[in-house]
Asks: 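Here's a structure for you.
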There are 2 protein chains.
Amino acid sequence: MPASHSCITCAIRGPQCFCTLPALDLLDLDTIGAPHDIAANQTVLREGYSADRVYIICKGRIKISAASEGGRLLLVRIAGPGDVLGLASILRTTNHKVTAETIEPCQLKSIPRAAFIDFMRGSPDVSQNTALAVAREYEAALLSARRLALSTSAAGKLASALLDWARMNHIHNNEALEFAMPLTHEELACMAGLSRETVTRLLARFRVEGLVDQQGERMTLHEPAKLQSLYC
Amino acid sequence: MPASHSCITCAIRGPQCFCTLPALDLLDLDTIGAPHDIAANQTVLREGYSADRVYIICKGRIKISAASEGGRLLLVRIAGPGDVLGLASILRTTNHKVTAETIEPCQLKSIPRAAFIDFMRGSPDVSQNTALAVAREYEAALLSARRLALSTSAAGKLASALLDWARMNHIHNNEALEFAMPLTHEELACMAGLSRETVTRLLARFRVEGLVDQQGERMTLHEPAKLQSLYC
DNA sequence: CGCTTTCTTGAGAGAGATCAAGGGTAGTGG
DNA sequence: CCACTACCCTTGATCTCTCTCAAGAAAGCG
């Protein structure tokens, strides 16, 4: 059981990480959370279900999506270490508005609602990080909405999805953007509100036009500006 | 100058209101904010500009939107008394991601970033309300994204826009939903990601089918369930 | 080396955008 | 009181883009 993760010795801190906190708060965090190891392709939160706890992601990536009854899917974002799942629902005491599924083996820390609220109210830093974490979720949702509403063409939507992904995961930024693209065409389609086939066709077109290059999981956007301009 | 609004005597408190706070916090709030009266059709925040203050809405409604270079528009929500503008941007220290325009004469209270952060960190209740306010923004953005991505048909998108609006502004709920609909077809189109003409045509169709009834600004949805089912 | 998952490419149809022209209503000012 | 303007709504015709259906290729995995 490697689930004995300690928040105090944890290495994954960063400006985008909820658990970047003063030592005192980390001690508290360590006591109130229950660690979990979860396999890939498991559902952590299910849309529509009541929210009684939050999950802090310690390791692994988790797909955040919303679905319609008709089976249509919207991929909102991929959450990673330092993100908190279920925050907005806990705060508002509503049902979950999204579904969260692990896409690889993950290490989470679950905290019951009441304990989390106490934890938050007990420290200004925790409060601020909580608000920040929700603000990040907000921005991801807004990006999705923008993409879907403001692009007139399918090309624009896909370009926007790729650029947004690049901004969050870029490795090099020497004019061209290079990054890991683990998403399938199906998943990109769900991000951009397109059909799988259209994504395939557009990526082929982008490749021919020299805008995009893909070797395995490594994707390069050679002319971000040109892609941007498709956004219209 | 009726801009001498006091937070302590202010009547518009509610569960959805940022300024529903203990008396002590209200005293603080009263000292740090500068009241403003603003005419209709004025821009309060402009997308892309840097965020140096938040605005609490005391009176009036404000349109929150995002635009593309091509002039295309997405209407995210209509904010009202008790909402806070620019919160997410202040917290993340990014540029504004949305534009806010008054749609009627408004009374606002502006608070510089530093003062607001101090205010927030100084009280658990303010912190919690801040997080809550951002969570509400998140939910609105998510609703927009859902609507745009998950509805296959234009009818579904419009139905979803109407239902979401109804949920936020309903008056009666005796099977049928009745509410004020001050939005023009153009604005509804921006909410649903459709063209103005399509909105006109669909509303006409809904009227013929007995789903929707409109008398001036008063709109009634007679069969919410049927509208819902269009969502697919 | 079969099996599943993912990608590729083609052909056809339909929904909605766009363009266009006209009508209704409210506000303004002579 | 009436012209005039501005804004919004309505309806029609056309055309294009993307979805859908279909059939197969490629690639990863036990």
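Residue numbers begin at 1 in each chain, while the letters A, B, ... track the order of the sequences.
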Asks: Can you tell me the distance, in whole Å, between the CG atom of B:Leu158 and the P atom of C:dA17?
Replies: 11 Å

Asks: Once side chain to side chain donor-acceptor pair (under 3.5 Å) is applied, do any residues pair with B:Tyr138, and if so which ones, sequence neighbours excluded?
Replies: A:Glu137

Asks: Name all residues meeting the salt bridge (Lys or Arg N to Asp or Glu O under 4.0 Å) criterion together with A:Arg196; count only those two or more places apart in sequence or in a different chain, and write none if there are none.
Replies: A:Glu186

Asks: Reckon A:His185 has a side-chain N or O less than 4.0 Å from the OP1 or OP2 of C:dT8?
Replies: yes

Asks: With sequence neighbours excluded, tell me which residues meet side chain to side chain donor-acceptor pair (under 3.5 Å) with A:Glu104.
Replies: A:Arg61

Asks: Please enumerate all residues that pass salt bridge (Lys or Arg N to Asp or Glu O under 4.0 Å) together with A:Glu197, with sequence neighbours excluded.
Replies: none

Asks: To the nearest angstrom, how far is B:Glu187 atom CD from D:dC8 atom P?
Replies: 8 Å

Asks: May I ask you to list the residues of residues 204-214 of chain A, by number, that have any heavy atom positioned under 4.0 Å from an atom of DNA chain D?
Replies: none

Asks: Using whole Å, report how far NZ of B:Lys157 lies from P of C:dA15.
Replies: 13 Å

Asks: Among residues at least two apart in sequence or on other chains, which ones pass side chain to side chain donor-acceptor pair (under 3.5 Å) with A:Arg46?
Replies: none

Asks: Under the salt bridge (Lys or Arg N to Asp or Glu O under 4.0 Å) test, which residues partner A:Glu187, sequence neighbours left out?
Replies: A:Lys63

Asks: Would you please name every residue forming a side chain to side chain contact (heavy atoms under 4.5 Å, CB included) with A:Gln214, sequence neighbours left out?
Replies: A:Met181, A:Met219

Asks: Protein within reach of the bases, or only the backbone? For nucleotides 12-30 of chain D, mark each nucleotide 5' to 3' as B, S or -, using heavy atoms under 4.0 Å.
Replies: BB----SSBB---------

Asks: Rounded to whole Å, how long is the line connecting atom CG of B:Leu188 with atom P of D:dC9?
Replies: 9 Å

Asks: Tell me: CD of A:Gln215 to C1' of C:dC7, nearest whole Å?
Replies: 17 Å

Asks: Please answer whether the main-chain N or O of B:Ala180 pairs with a side-chain N or O of B:Trp165 as donor and acceptor at a distance below 3.5 Å.
Replies: yes

Asks: If the condition is side chain to side chain donor-acceptor pair (under 3.5 Å), which residues does A:Gln42 pass it with, not counting sequence neighbours?
Replies: none

Asks: Just how far is it from atom OG of B:Ser68 to atom CD of B:Glu47, taken to the nearest 0.5 Å?
Replies: 9.0 Å

Asks: Report for the helix from C:dC1-D:dG30 to C:dG30-D:dC1: angle between first-end and last-end helix axes, five pairs each, rounded to 10 degrees.
Replies: 40°

Asks: Between atom CD in B:Glu217 and atom P in D:dC8, what is the gap in whole Å?
Replies: 13 Å

Asks: CG of A:Leu148 versus P of C:dG16: gap in Å, rounded?
Replies: 16 Å

Asks: Taking salt bridge (Lys or Arg N to Asp or Glu O under 4.0 Å) as the test, write out the residues that go with B:Arg92, two or more places apart.
Replies: A:Glu139

